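In this text the structure is predicted, and so the values were computed from the model without any measurement. The chain is numbered in sequence order, starting from 1.
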Amino acid sequence: MFDRIFEKDVAITGVGQSEVGRPVARSGMRLTLDACLDAIADAGLTRADIDGVACWPGDNNNGDAFSPVGPNALIGTLGLKVNWYGGGYEGPGPLAGIINGAMAIASGLCRHVLVFRTITEASRRKVDKNASALTNKTIGRDSSFFWQWYTPFNVLSAINLMALYTQRHFHEYGTTPEQLAQIALTCRANAALNPKAIYRTPLSLDDYFASRMISTPLRVLDCDVHCDASTAIILSRADAANDGPNPPIRLEAIGAALHQPWSWDQIDLTATAARDVGEMMWARTDLKPKDVGSAQLYDGFSILTMIWLEALGLCPRGESGRFVEGGRRIARDGELPINTNGGQLSGGRTHGLGYVHEACTQLWGRAGERQIAPHHVSVVAAGGGPLGGSVLLVRD
């Protein structure tokens, strides 16, 4: 056990989110400014109060649609004077900005860190339908060392890897397509009450099975929806968190471990890095899975939500199919509401921070029509394969 859990010195004090669209007319920077200025105001702060900036993956993506704005550009545009800033692909995936920002505060470098995530893949895909294909990461400007070992075997999209996880889960645990479908159906039902969601029309089980197969056994409705959006979160030092208009939401515990190879296929295919993340997070708190009132779990592909349910101990390993069967347990009025804004399958691929934004919105009771029963503990988890991070959030 750790002698001190430093993230407990950090709280979320404000959130903001831009327009979410497929696509939108605003530039990536404009979306980023909209979200960041909203978050700063929501926390009752000014730009002069912000002394740290974090995002993931940052400027190393050369301003492409996956990361059109990084810390350097934002600091200059907002005229911030920071003591620390960071961004980069290395780390525990989409929640790396939250985790790194929290550690900057806990170490005494900052009082208020602005964390943001901007993505403009919908706009990019209008002119280049292959913008996110893995082949683009194998050669040319976006070349990446590890993807070169996948594309020769026709792994042309992340869904080919997710299909491996899904098929293995089906094989090992008897999970069925009908059970997997409940993730997409639940997200669509929640998105219907979210005015920002990309897809809000009703979705039936028949609709799901009629949708196009992309990589067996995953269908198009098992894939998240590319969009243009920016989300921002304000992290504050605990002793400065009580001065704002919102009740602080504490970072009770963080999970960021990777005890397996950094690989998409040479890992436990039914647990991925999520297992290591969950074990680390629960080792850093006295709370238990039964204390969680809502869960915002990564649904870049539907199987990942089920993997996170098991990895975080929200249901036994191998039991996620039976846990979600029929959709009652994970509905907004169920025992464990998940992805209450529609997730990325229907709400839009805000890629990590959208889940933190929704968790805080629910904990503060500001979710409007999609508001669930009052609760004080929410878990957020994001990532797939070797990328994974989680945060346990508590409103006292």
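In this structure, the side chain of D207 engages the main chain of S204 through a donor-acceptor pair within 3.5 Å. Formation of a donor-acceptor pair under 3.5 Å by the T176 side chain with backbone atoms of Q179 is found in this model. A donor-acceptor pair under 3.5 Å links the side-chain atoms of E310 to the main chain of G318, judged by distance alone. Remark: side-chain polar atoms of N100 are paired, donor with acceptor, to backbone N or O of A96 under 3.5 angstrom. For D228 (side chain) and S123 (main-chain N/O), a donor-acceptor pair under 3.5 Å exists by modelled atom type. Under a 3.5 Å cut-off, the side chain of R47 and the backbone N or O of L78 do form a donor-acceptor pair. Panel note: side chain D51, backbone R111; a donor-acceptor pair is recorded below 3.5 Å. Looking only at distances, no side-chain donor or acceptor of D9 sits under 3.5 Å from a matching main-chain atom of A106. For W282 (side chain) and L312 (main-chain N/O), a donor-acceptor pair under 3.5 Å exists by modelled atom type. A donor-acceptor pair under 3.5 Å links the side-chain atoms of R22 to the main chain of H226, judged by distance alone.
At a threshold of 4.5 Å between non-hydrogen side-chain atoms, the residues E7 and M103 count as touching. Using a 4.5 Å heavy-atom threshold, the side chains of L269 and H169 count as separate. You'll find the side chain of I234 reaches within 4.5 Å of the side chain of L114, heavy atoms only. By the 4.5 Å heavy-atom criterion applied to side chains, L353 and V115 are counted as neighbours.
Remark: the T340 side chain and the Q296 side chain contain an N/O donor-acceptor pair separated by less than 3.5 Å. Checked by atom type, the side-chain pair S302/R219 shows no donor-acceptor distance below 3.5 Å. Side-chain contact, R332 with N190: a donor N or O sits under 3.5 Å from an acceptor N or O. Side chains of N160 and S157: a donor-acceptor N/O pair is absent below 3.5 angstrom, by distance only. Defined by atom type and a distance below 3.5 Å, a donor-acceptor pair is missing between the side-chain atoms of S294 and Q362.
Relative ring orientation between Y355 and Y298 is described as tilted, the plane-to-plane angle lying within the 30° to 60° band.
Under the 4.0 Å criterion applied to side-chain N and carboxylate O atoms, R168 and D265 are not assigned as salt-bridge partners. The pair D396-R250 counts as a salt bridge, with a side-chain nitrogen and a carboxylate oxygen less than 4.0 angstrom apart.
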> When you look at Q344 and H351, which way does the side-chain contact (heavy atoms from CB on, under 4.5 Å) test go after all the steps?
Replying inline: CA-CA 8 Å; Q344 296 187 165; H351 213 240; 4.1 Å; yes
> Under the side-chain contact (heavy atoms from CB on, under 4.5 Å) criterion, do I214 and R212 qualify, and how do the steps go?
Replying inline: CA-CA 6 Å; I214 305 297; R212 182 164 47 101; 3.3 Å; yes
>> Would D222 and I183 count as a side-chain contact (heavy atoms from CB on, under 4.5 Å) here? Give the steps.
In response: CA-CA 8 Å; D222 291 306; I183 304 300; over 6 Å; no
>> side-chain contact (heavy atoms from CB on, under 4.5 Å), that's the test. Do L74 and Y85 meet it? Break it down for me.
In response: CA-CA 11 Å; L74 182 65; Y85 67 97; over 6 Å; no
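The OG1 atom of T175 lies 10.0 Å from the CD atom of E325; values are rounded to the nearest 0.5 Å. Between the OG1 atom in T285 and the CD1 atom in I5 there is a gap of 8.5 Å [rounded to 0.5 Å].
None of D299, I338, T305, V324 except one satisfies the side-chain contact (heavy atoms from CB on, under 4.5 Å) rule with T186; the exception is I338.
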Solution key, residues 10-19 side-chain donor-acceptor pairs under 3.5 Å, sequence neighbours excluded:
residue: T13; atom: OG1; partner: S236; partner atom: OG; Å: 2.8
residue: Q17; atom: NE2; partner: T231; partner atom: OG1; Å: 3.0
residue: S18; atom: OG; partner: S230; partner atom: N; Å: 2.9
residue: S18; atom: OG; partner: S230; partner atom: O; Å: 3.4
residue: E19; atom: OE1; partner: R26; partner atom: NH1; Å: 2.7

Sequence neighbours left out, cut at 3.5 Å: what donor-acceptor pairs do the side chains of residues 254-261 make with other protein atoms?
residue: Q260; atom: OE1; partner: D268; partner atom: N; Å: 2.9
residue: Q260; atom: NE2; partner: T272; partner atom: O; Å: 2.9
residue: Q260; atom: NE2; partner: D276; partner atom: OD2; Å: 3.3

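Judged as a ring pair (Phe, Tyr, Trp, His ring centres under 6.0 Å), and not counting sequence neighbours, H357 has no contacts.
A cation-pi arrangement is found for R117 relative to F66, the charged atom lying closer than 6.0 Å to the ring centre and inside a 45° cone about the ring normal.
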